[in-house]
Amino acid sequence: MKEGAKSDVRVSGGITRRGLLKWTGLTAIGTAALGTTGCAGFDQTDLAETGEGTEEDPGTWIPCNCWADCGSKGFNKALVKNGEVVRMGTDQSHDDSPDCPQLRACARGRALRGMIFGADRIKYPMKRKNWQPGGGENAHGELRGKDEWERISWDEALDLIAGEIKRVLDTYGNEGILLPGGVPQRTGDFDIGRMMYMMGGCLEQTGSVSSGAWTEIKNRIGLAEDVNDRMDLRSSELIVLWASNPAWSRAGVQTYDYMQCKAAGTKFISVDVNYNSTARVLTDEFIGIRPGTDCAMMLAMCYVLLTQDNPEKDPLIDWDFLERCCIGFDADHMPEGADPKDNFFDYVLGTYDKTPKTPAWASEICGTPAESIEKLALEVARTERCAIIMSPAPARTSSGSQMCQALMCLGAMAGLIGKPGCCAACDKGHAWELGGYSTIFKGGGMLGEPRNGTLGSIEYIPNPLNDKKVDLNEMWTSIVYDQEYTGLDGNKYKNPTHLIYDRHENFLNQGAGLMLGIEAYRKVDTVIAQNLVMTTTCKYADIVLPVSSMWERFGDFTVAYREQMIWTSQVCDPLFECKSDPEIALELADRLGVDKNVLRPVSEKQNVVNMVAAAQVSANADDTWENLVSITEEDLAELGVEGTPQEGRIPILDFKRQGIYTIERSEGDGRNYVPMEAFRKDPENNPVKSESGKMEFYCQAFVDAVDNWGFAEVPPIAKYIPAVEGYEDTFSNWETKEKGEYPFQIISWHILRHSHSTFADVPNLREAFDHPLYMNPVDAEQLGLETGETVLITSKWGKCLRPLMVIDTIMPGVLAMGQGAWVEIDEETGIDMAGSMNVLCGPKLTPTGYQSYNSTIVRVDKWDGEPLQPDYLWEAREVFEEE
Ligand code: SF4
C-alpha cells in the first residue's frame, strides 16, 4: 500500500491531509469502531460525555450525506474539530424507541471518511497517455485500463471533451453518444444528460437492474410492490421472509421493525438459499430452496390449497376474494377471448399437461422436502394474519416474471391481500417507498410533484431519443458484435456508439456482462468519466474529471423512510481541483453553445433550499398537509438565497442545524397502511392498475407487452419455466442427473462492505467485512477444498478468484458471493482478482429487459497459483499524489 502520510499540509477547507490519509490506512482501530448493522453496536454516548468537548475547539457536528443507493437510509453526521473530521455520528435527535426509532447509520455511512479522504480520490483532471482525440487508431482503445495517466488542466480537459462531443455529433449523429445509467435530474449528477437532451439527445439504457421482473409486471397483474406499514405488521401472526435478509441488504431500521413484530408475538419463517443473518435473529423455522426455483414451490403450495381445501371444515382458499377481485383462476373466470383450458387451476392440477404441480414435483426442482412445502402451504392458508414478504432477488432470473405472478396467485388464494397483518408482496426496499403512502413530501424531488407549486422542481427535460434507448442486456453486445438492438418502440436499431460519457455512475462495474463491457469500452473512440474516486469506469476511460463529493457542496435534501426528512450540509470545501457535476456541465455548455439558464436555472444552493421550502408534512391522518419549515426574511438573507417567507412546523435554520425531522409515530395514530384494503372491499370503485382492474391470474396485457419488446416469450399464466443458467442447466443429463460443465448455481448477495459498487474501495470496510465465495461443506469435501483456500470460479462469461468460506447454512450445490467488488483483471490471464460478480454473470435476454444475475452457473477449481492476499492490503487506485 502506498505510504499516505507525506506532510502536514492542510488542504482547502482546513482538512489536514496527514490526518485524513492516516485514517485511510486505519485497520484494526477502524474495524473495531464499526457496528455490523444499522442498529447494532453504535455508541450513543454524547459528545460531552466523551470528554472531546473540553479541548480548544469543542467541535461541530455537521449533518452529512451518504448518497449510497443501499435500499435503506441512515442519518450521518461528521464531527469537525480543529479543522478535521474526527468522528462520525448518527441520529440522536430524539430518544430511541420501538415506535420512533433513531435513524442510525450503518457501518458504511460511518466509514464515509475512508472514501471521501481516501488515497484513490481523483485529485486532478487527467488524460490517458496514449489516447488522442479523433477516433481511429490514435485512440489506442486496446490500452484502456492498462495505460498510464497524465495530469492536464481543466481547460484542456473540457476543450478535449467538448471537441469530441462535437466531432461525434457531426459525424455519427446524437446516437453516437452513450450515457449509461439513470436520469433523476436532481442533484446535478445528471446535468450532462440534460445538456445532451438540449442538444438533440443521446443513447441511454433501459431495463431494470434492481427490481428484476417486478418493474414491468407488477401493475399489469395488479400486485404493486407495496408492503404494510411497520406498525400494522406487528399484528401479523406469521411473517414469511422469502429470500429476504434485510440485516445485510437493508442495513437500517427494517430488521429492528421486524424485531418489534417478533416481540409482539409474530412467528417468522425464512425461505431462502441460506440460513441468513436476519433468519438467525428472527425466524422460528428455515426452509431451504435453490435459486430461481421459487415459482415451482409457489405452484406446489397452490396445489396443496386446491387439493386440500374444505370450505366447511378446513377453508384454505379465499373463494370470495377470487370471485370478486380476480380473473383467470379457473375456466369459468377467463377474460374474453382466452382459451378456457389455459386457466391457472387446471395448469396447477395438471389437467391438460398431465403434470400436477405437487410438492413432490416441486421438491425435485427446489431441493426442498415435499413435506416442508405442504406444511408451509397449510400454515400460510390457516393463519388468519399472514404476510409473505419477498425481496426482489428471486425476480432477477430469466423467468422471474412467472415467479411474480405465482406470488400474486398464492397471495390471492390464501386470502393475504388487502387485510390487516396480511400481504403477499415484494418489498423493493428503497427506504422512501416502504410502507405505503408518504407522511412527508419533499418538494421538487423525484417522488412526485411538489405540493407547493411555486417552489421546487427544476424543469424536466426529456431525451428526444427516448425510443431508441438500448436495453442493458444488449448495450455491450450491440457494440462489441455490431448487432442490432431492440428499442423501446420495438424497432431494431444499430448501435453507433463512438463516445461513452459516464456521469458519476459506475455502470461498467455494476452491470452484468462486465467482460463484454470492457471490450465495448475498448472499441469506441472516446470514454469520459467523472467521479470522486477511481472507479472501474474511470480506470477504463480516456479523460477523467475529479468531482466534489456531497460533503463538499452546499448539501442535499432527501426523504428517508416514510417518517423522516434529512437535510445534509457542507462539511468541507472542495478538495484538490474537484468541481461539482453542475459546474462541469455548465462549463461544457459554454463550449457547446447550450443555454446555461435552461440547463441549470438555479444554483445548487437555491435548488436545495427550494426543495426544503416546498417540503410538506402530513398534519394528521386525514390527509391535510402543512409546510415543514417556517422561513423569515432574515433566514433567506442568512442562507443567501431568494424566496418567500412562510409559516411551517419548524424554523428552517433549526432544521438545517439538526439535519433530520422525524414524524413521531405510535400505534393507533391513524397513519396505518394496508395495501389494497380499499380494493378488497370494493374492487369496482377501487380498481388495481391492471387492464381489467382486477388481479390477473391470466394476463394478456403482459404477454402483449413482452411480445412488443421481442426479447422472449411469456405465457399468460404463472407457469414454471426453468431459468436460463438455472438449476436444470447445471446438468448435462437431467434424467440421469449427470452434472455438466458448470455444476453449481451462484447468486450475488448484498454484503455490508459495499452498497452495490459504492464503498468497494474503502480499506477498513474491506477488512471489517470479508468477501469470500460461500460453499456448503458437502460440496467442499467433494472438491477437496477448505476455508481460506483460494479458488478459481469459472462461468461461460468470465473467471475470478476468491478465498473460500465453507458454511453449512447454504444449500448444497449453491454458491454465493457479495456483489459490487471493483474488478481487477490480470491482463495476462484475463482472471479477475477482486471477485466481481458481473464478470461471472452474462447479459442474458429476459422478457422485459431486466438483468438476471441470480441465474448463473459456474464451476469451481482449486487455484494452483499464488494465494490471494486479503484485499484490504491491496494498493489503492491512487493515480497522482497530492502536490
Ligand atoms: S449505506 Fe445506506 S444505511 Fe448505510 S449510512 Fe449510507 S444511506 Fe445509511
Side-chain angles (χ1 to χ4, degrees), residues 30 33-44 61-79 85 87-93 96 101-116 118 184 186-187 189 210 230 245-258 277-278 391 427-434 442 445-446 506 510 532-533 549-551 555-569 571 659-660 662 749-762 764-766 768-769 818-820:
L34 297 171
T36 53
T37 73
C39 302
F42 186 73
D43 174 9
Q44 292 188 61
W61 283 108
I62 299 177
C64 63
N65 205 302
C66 175
W67 54 90
D69 178 24
C70 67
S72 181
K73 200 60 178 169
F75 177 68
N76 296 276
K77 53 188 183 184
L79 178 63
V85 180
R87 191 175 154 202
M88 296 297 293
T90 192
D91 185 14
Q92 289 172 305
S93 58
D96 193 46
Q102 293 172 344
L103 195 68
R104 297 186 196 172
C106 75
R108 291 167 297 210
R110 299 180 66 202
L112 266 165
R113 284 187 291 176
M115 185 193 331
I116 289 167
R186 186 179 57 89
T187 57
D189 301 11
S210 182
R230 62 188 174 92
N245 182 16
W248 277 25
S249 59
R250 314 252 190 272
V253 298
Q254 194 172 352
T255 306
Y256 184 68
D257 287 336
Y258 283 141
S277 297
T278 310
S391 77
D427 150 28
K428 79 170 132 180
H430 289 106
W432 50 88
E433 286 154 320
L434 278 177
K442 181 176 68 173
M446 295 177 284
N506 191 12
Q510 199 53 32
L532 302 184
V533 283
S549 74
M550 293 306 289
W551 285 27
D556 193 18
F557 180 53
T558 186
V559 171
Y561 289 85
R562 59 186 294 233
E563 295 144 13
Q564 300 94 356
M565 279 193 264
I566 295 174
W567 186 357
T568 56
S569 291
V571 176
I660 183 164
T662 304
W749 289 339
H750 289 253
I751 52 176
L752 289 165
R753 64 152 64 175
H754 315 144
S755 165
H756 306 303
S757 65
T758 308
F759 293 105
D761 55 330
V762 180
N764 58 328
L765 283 172
R766 286 183 175 184
F769 305 111
Q819 57 118 331

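In listed order, ligands and their atoms are each counted from 1.
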Under 3.5 Å donor-acceptor, His754 side chain and Gln819 backbone: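 Yes; at least one donor-acceptor contact below 3.5 Å.
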Side-chain donor/acceptor of Arg766 to backbone N/O of Ala760, under 3.5 Å: yes
Closest protein heavy atom to atom 6 (Fe) of ligand 1, given as residue, atom name and distance to 0.1 Å: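 I find the closest protein heavy atom is Cys66 SG, 2.2 Å.
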Identity and distance of the protein heavy atom lying nearest atom 4 (Fe) of ligand 1: Cys106 SG, 2.3 Å
Whether Ala251 lies under 4.0 Å from ligand 1, heavy atom: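 Ala251: in contact with ligand 1 (<4.0 Å).
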Ala107 contact mode with ligand 1 (heavy-atom cut-off under 4.0 Å): neither
Donor + acceptor pair across side chains of Gln254, Asp427 (<3.5 Å):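 Side chains of Gln254 and Asp427: pair found under 3.5 Å.
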Metal proximity, Cys70 vs atom 6 (Fe) of ligand 1, N/O/S cut-off 2.8 Å: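 Checking atom 6 (Fe) of ligand 1 against Cys70, no N, O or S atom falls under 2.8 Å.
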For [X] versus [Y], what's the shortest heavy-atom pair and its separation?
| X | Y | value |
| --- | --- | --- |
| Cys66 | Lys73 | O-NZ, 3.0 Å |
| Asn65 | Leu112 | O-CD1, 3.3 Å |
| Leu532 | Met115 | CD1-SD, 4.1 Å |

Best match, Gly109, Gly252, Gly74, Ser755: closest heavy atom to atom 5 (S) of ligand 1: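 Shortest heavy-atom distance from atom 5 (S) of ligand 1: Gly109.
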Per-atom contacts, ligand 1 versus Asn76 - under 4.0 Å to a heavy atom: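 Here the atoms of ligand 1 in question are 5 (S).
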